[in-house]
Amino acid sequence: MRRFLTILAALASLSLTGCGYNSIQQTDEQVTSAWSEVVNQYQRRADLVPNLVNSVKGFAQQEKDVLLGVTNARARVGSVQVTPEVLNDPAALQKFQAAQSELTGALSRLLVTTENYPQLKSDQLFRDLVAQLEGTENRITVARNRYIKAVQDYNVGIRTFPNNLTAMVFGYKTKANFTVDNEKSISTAPKVDFNPPPAAPAPAAPAK
């Protein structure tokens with residue numbers, strides 16, 4: 001009896017290997033691992049934001065709107081629940097991506113604002129903080145690229161024969177990938193124009 005069960009288990013193992021079950025498991029784990037690295041880098045950025053905001057506050061009291069925008073964007077990022085189910089929920093992934101994009105924009109405006117404060121720019125702690133933030137942005141880009149590649153491998157795997165049959169039996173579906181919000185606008189080449197903008201028309205004289 002034991003020998004029969006051993007043979008049956010061996011046959012089942014060979015059958016699952018041949019139908020692509022193991023490769024689906026491997027690529028699924030690669031997607032999960034790549035996603036964890038994406039979240040890890042986003043968390044690193046979120047942890048740096050409060051320090052950056054506090055550093056700028058003392059020098060940019062009049063830039064309250066910019067600072068408030070960064071703080072609010074950081075809070076919205078923290079409110080998005082990042083669970084493993086996000087990988088299988090395109091709407092949740094889009095919400096996560098939108099929150100991160102908003103924080104990216106707010107940080108960009110903040111860094112541009114600090115250009116107006118020479119004393120702040122010369123402070124070593126501030127420069128170190130900005131360098132860490134820039135390094136984090138690069139790590140996020142690398143992590144996202146690896147996640148995109150992992151999702152591509154997984155999706156190709158479960159859509160090709162015979163894996164697609166195995167995926168259908170076990171309920172595996174394609175996963176959503178990262179996209180850009182402004183795909184239409186970035187497809188147009190930017191226009192470089194060094195001419196000064198036209199002068200604004202003079203305000204109309206008040207009626208007598």
Worksheet item: Taking it one step at a time, do Tyr42 and Leu103 satisfy side-chain contact (heavy atoms from CB on, under 4.5 Å)?
Response: CA-CA 10 Å; Tyr42 275 131; Leu103 180 56; over 6 Å; no

Worksheet item: Side-chain donor-acceptor pair under 3.5 Å between Asp128 and Gln124, yes or no?
Response: yes

Discussion item. Please find the pair of heavy atoms, one from Ala143 and one from Val38, that lie closest to each other, and give the distance.
Written reply: O-CG2, 3.4 Å

Discussion item. By the definition side-chain hydrogen bond (donor to acceptor under 3.5 Å, both in side chains), identify the one residue from Thr27, Asn88, Thr32, Asp89 that meets it with Lys175.
Written reply: Asn88

Discussion item. With a 6.0 Å cut-off (strictly less than), is the heavy-atom count around CZ of Arg127, excluding the residue itself, greater than 12?
Written reply: yes

Item to complete: Let me see the working for Arg146 and Glu37 under salt bridge (charged side-chain N to carboxylate O under 4.0 Å, His left out), right down to the final yes or no.
Response: CA-CA 9 Å; Arg146 289 174 178 169; Glu37 182 59 19; over 6 Å; no

Discussion item. Checking Asp123 against Tyr117 for the side-chain contact (heavy atoms from CB on, under 4.5 Å) test, could you report, in this order, the C-alpha distance in whole Å, the side-chain angles of both residues, the deciding distance, and whether it holds?
Written reply: CA-CA 10 Å; Asp123 185 84; Tyr117 299 91; over 6 Å; no

Fill in: Plane angle bin for Tyr172 and Tyr21 - parallel if under 30°, tilted between 30 and 60°, otherwise perpendicular
perpendicular

Worksheet entry | Side-chain heavy-atom pair Thr104, Arg45 within 4.5 angstrom cut-off | yes

Worksheet entry | Heavy-atom check, side chain of Ile24 versus side chain of Phe170, under 4.5 Å | no

Worksheet item: Any side-chain heavy-atom pair from Asn138 and Val142 closer than 4.5 angstrom?
Response: no

Discussion item. Ignoring hydrogens, what is the shortest heavy-atom contact between Arg44 and Gln132? Give both atom names and the distance.
Written reply: NH2-O, 4.0 Å

Worksheet entry | Side-chain touch Leu67/Leu110, heavy atoms, less than 4.5 angstrom | yes

Worksheet item: Is Leu52 close to Val70 at the side-chain level, that is, under 4.5 Å between some pair of heavy atoms?
Response: no

Worksheet item: Leu129 and Ser55: which non-hydrogen atoms are nearest, and at how many Å?
Response: CD2-OG, 3.8 Å

Item to complete: With side-chain contact (heavy atoms from CB on, under 4.5 Å) as the test, would you mind laying out the steps for Arg159 and Thr174 before giving the verdict?
Response: CA-CA 8 Å; Arg159 292 180 63 186; Thr174 57; 3.8 Å; yes

Item to complete: Begin from the C-alpha positions of Met168 and Asn164 and carry the test side-chain contact (heavy atoms from CB on, under 4.5 Å) through to its verdict.
Response: CA-CA 6 Å; Met168 182 174 62; Asn164 59 335; over 6 Å; no

